[in-house]
K.L.:
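To start, I am sharing the structure in question, which I have written as structure tokens.
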Amino acid sequence: MERTIPLKILTPDQLFFSGDVTMVVVPELSGEEGYLPEHMPILKMLVPGDAKIYTGKNEYRVLRIDGGHLTVADEIQIFTPKAVWEDDREAQNA
């Protein structure tokens, strides 16, 4: 069984997402960085771009964020001014 860590994605308006994930890859100033369960506690600044939220070994969703920051402790938290799932953006543009 794959290890997971709780993830919360928060915007000023709402708790956008809450659930267990196997990995999170986010856009940072130095490029993309991935975070796994049991990562050391950290605080990172995020830049606008696409984050990948992994829920299984090869299963992920792409999330467009407008920067913000990420914290890792007992859970991963992403604080961003705006978040939109990639598949939701595609549906809006269809």
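Sequence positions, counted from 1, serve as the residue numbers for this chain. Nothing here was measured: the structure is a model prediction, and the numbers come from that model.
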K.L.:
Could you state the interatomic distance from NZ (Lys82) to OG1 (Thr11), rounded to the nearest 0.5 Å?
P.N.:
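It comes to 10.5 Å.
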
K.L.:
If you round to the nearest 0.5 Å, how far is CG of Leu15 from CD of Gln77?
P.N.:
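Answer rounded to 0.5 Å: 9.5 Å.
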
K.L.:
Nearest 0.5 Å please: distance from the CD atom of Glu2 over to the CE atom of Met23.
P.N.:
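Rounded to the nearest 0.5 Å, the CD-CE separation comes to 10.0 Å.
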
K.L.:
Of all heavy-atom pairs between Pro12 and Pro81, which one has the smallest distance, and what is that distance?
P.N.:
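Smallest interatomic distance, heavy atoms only, reads CD-O, 3.4 Å.
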
K.L.:
Looking at Thr80 and Asp66, would you say the former's side chain and the latter's main chain have a donor-acceptor pair under 3.5 Å?
P.N.:
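Yes, because the side chain of Thr80 sits within donor-acceptor range (under 3.5 Å) of the backbone of Asp66.
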
K.L.:
Any side-chain heavy atom of Leu63 sitting closer than 4.5 Å to one from Ile9?
P.N.:
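With C-beta onward as the side chain, the pair touches.
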
K.L.:
Under 4.0 Å between a side-chain nitrogen and a carboxylate oxygen: does that hold for Glu86 and Arg64?
P.N.:
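Result for this pair is no, no salt bridge flagged.
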
K.L.:
Show your reasoning for whether side-chain contact (heavy atoms from CB on, under 4.5 Å) applies to Lys44 and Tyr35.
P.N.:
CA-CA 11 Å; Lys44 287 289 195 156; Tyr35 297 94; 3.2 Å; yes

K.L.:
Do Trp85 and Ile53 come close enough that some side-chain heavy atom pair is under 4.5 Å?
P.N.:
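In short, these two side chains touch, coming nearer than 4.5 Å.
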
K.L.:
If the test is side chain to side chain contact (heavy atoms under 4.5 Å, CB included), which one of Asp20, Val24, Thr55, Thr22 qualifies with Leu7?
P.N.:
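Only one option passes, and that is Val24.
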
K.L.:
Is there side-chain contact between Ile78 and Phe16, with heavy atoms separated by less than 4.5 Å?
P.N.:
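No, their side chains stay 4.5 Å or more apart.
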
K.L.:
Just how far is it from atom CD1 of Ile42 to atom CE of Met40, taken to the nearest 0.5 Å?
P.N.:
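Reported to 0.5 Å precision, the distance equals 4.5 Å.
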
K.L.:
Please report the C-alpha distance between Leu43 and Leu70 in whole Å, then the side-chain angles of each, then the deciding distance to 0.1 Å, and finally whether the side-chain contact (heavy atoms from CB on, under 4.5 Å) criterion is met.
P.N.:
CA-CA 6 Å; Leu43 168 65; Leu70 169 141; over 6 Å; no

K.L.:
Shortest non-hydrogen contact from Arg61 to Asp87?
P.N.:
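Distance-wise, the nearest heavy atoms are NH2-OD1, 2.9 Å.
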
K.L.:
Got a sec: does the CZ of Phe79 have more than 12 other heavy atoms crowding it under 6.0 Å?
P.N.:
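More than 12 heavy atoms, drawn from other residues, nucleotides or ligands, come within 6.0 Å of this atom.
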
